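Note sheet for the following structure.
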Amino acid sequence: MNSVKVSRKAELRVESGHPWIYSSDVTDRAKAQPGEAVRVLNQRGQCLGVAHYSAASQITLRLLTHKDEPLDRAFYLNRLRTALEFRQRAVTNTDSYRLVHAEGDLLPGLMVDRYGDYLVLQLLDQGMDAASATLTDCLQELLQPKGILARNDVFVRKLEDLSQEPEVLAGEIPERVLVHMNGLQMEADLRHGQKTGVYLDQRENYVAAARWAHGRALDCFTSSGGFALHMAPKCESVEGVDSGPEVLKTAEINRAANGLANVSFREANAFDYLSGLAQARRAFETVVLDPPAFAKSRANLDAALRGYKEINFKALKLLSRRGILVTCSCSHHVGENDLMEVVAQAALDAGRTLRILERRTQAQDHPILLTVPETLYLKLFICEVI
Ligand code: SAH
């Protein structure tokens with residue numbers, strides 16, 4: 001195994017429980033090759049652990065273990081088995097869930113989503129990309145899937161100088177896969193769908209939202225209809241809005257498959273649509289806001305916060321007393337406090353008094369590692385107008 005040397009600063013970071021070492025903290029790369037496992041040494045030559053080396057990214061090293069051990073088949077099999085055992089304890093009422101959540105499962109650079117008999121991987125750095133065949137082999141041993149797909153068409157792979165083409169790694173991947181979640185049936189387009197097919201991270205939040213939903217409901221940024229379909233049995237009517245025509249086709253298929261007659265979907269820009277509803281003096285008892293990440297980086301945080309405030313303000317204007325607002329942010333750069341402040345400001349401007357009924361985050365199959373803040377990205381409040 002090749003070795004690389006890192007600065008004292010990097011060593012302190014590793015000691016604080018964070019697996020990333022930035023390019024500027026690597027003092028000697030020696031013969032390290034792109035994507036290989038390397039021994040990480042401090043300035044005195046002591047081994048801090050073994051990492052994946054990336055020759056392209058600003059994150060040069062991602063530590064997988066604090067021991068001096070090879071990252072071989074047995075290593076990956078053990079990590080994957082541990083991840084699976086956690087899901088067997090944590091996940092209920094679904095055949096689809098995130099099996100590996102990168103750092104949250106001590107496997108930086110790797111996401112694995114399970115859709116029944118099919119697996120979808122995201123290999124997000126050079127190290128995991130190089131380990132692709134071994135990972136495929138281990139997953140076959142553990143789960144005997146009918147097909148394994150690598151959804152490698154993600155932007156971060158560009159930062160790693162990796163191709164951006166999806167690839168079938170084993171078996172076959174059908175055009176559509178049926179997902180059974182919380183008693184509902186949903187279609188997932190594993191090859192082309194948003195994320196890897198379904199927003200698995202909202203799975204537990206769908207149930208929470210449905211618990212409080214009532215009356216006339218509006219689901220903004222509905223995608224394939226997750227919140228809308230879950231809330232339908234509790235509501236008089238549900239309208240789902242999204243700007244993407246493709247996801248709305250799936251939403252409509254899901255609606256019909258579950259025999260939910262009180263749900264309708266509409267293609268529109270949610271910002272404009274909310275304004276139009278206010279002008280038409282329409283009222284709702286429940287509004288869900290699950291927008292895409294407005295803050296892609298720290299640099300546009302202010303603009304993002306203005307965006308969150310605007311949609312929350314518009315949504316609150318439509319809500320009557322006892323109305324329910326389900327509001328989310330999946331931007332990692334927007335903290336829970338940021339979202340809380342923005343919603344509070346929006347409520348003041350809209351003349352509504354809100355109480356928080358639930359503070360939530362991503363589903364438990366997307367585990368949060370306490371020392372790696374990046375693993376916590378989804379924030380959600382369920383609020384009531386009082
Ligand atoms: N609530 C969904 C996930 C939403 S993801 C679920 O649980 O499945 C964000 C969605 O917002 C995407 O489907 C995207 O197509 C949509 N979107 C992005 N910008 C939009 C806009 N301005 N108006 C309406 N929809 C938008």
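We count ligands from 1, going down the list as the structure has it; atoms in each ligand are counted the same way. Not measured: the values here are computed from a predicted model.
Side-chain contact of R62 with Y53: a donor-acceptor pair under 3.5 Å is absent, judged by distance alone. With hydrogens and angles left out, the side-chain atoms of E103 and W20 include a donor and acceptor closer than 3.5 Å. Looking only at atom types and distance, the side chain of Y308 has a donor-acceptor partner in the side chain of S331 under 3.5 Å away.
A salt bridge does not link D105 with R79: none of the charged nitrogens is closer than 4.0 Å to a carboxylate oxygen.
Listed by chain and number, the residues in a side-chain hydrogen bond (donor to acceptor under 3.5 Å, both in side chains) with K146 are D117 (sequence neighbours excluded).
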Under the criterion side-chain hydrogen bond (donor to acceptor under 3.5 Å, both in side chains), I'd like the reasoning laid out for Y115 against T196: C-alpha separation, chi angles, the key distance, then a yes or no. CA-CA 9 Å; Y115 292 92; T196 59; 2.8 Å; yes

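Pocket lining of ligand 1, defined as residues with a non-hydrogen atom under 4.0 Å away: Q194, Y199, Y206, F221, T222, S223, F227, D242, S243, A268, N269, A270, D290, P292.
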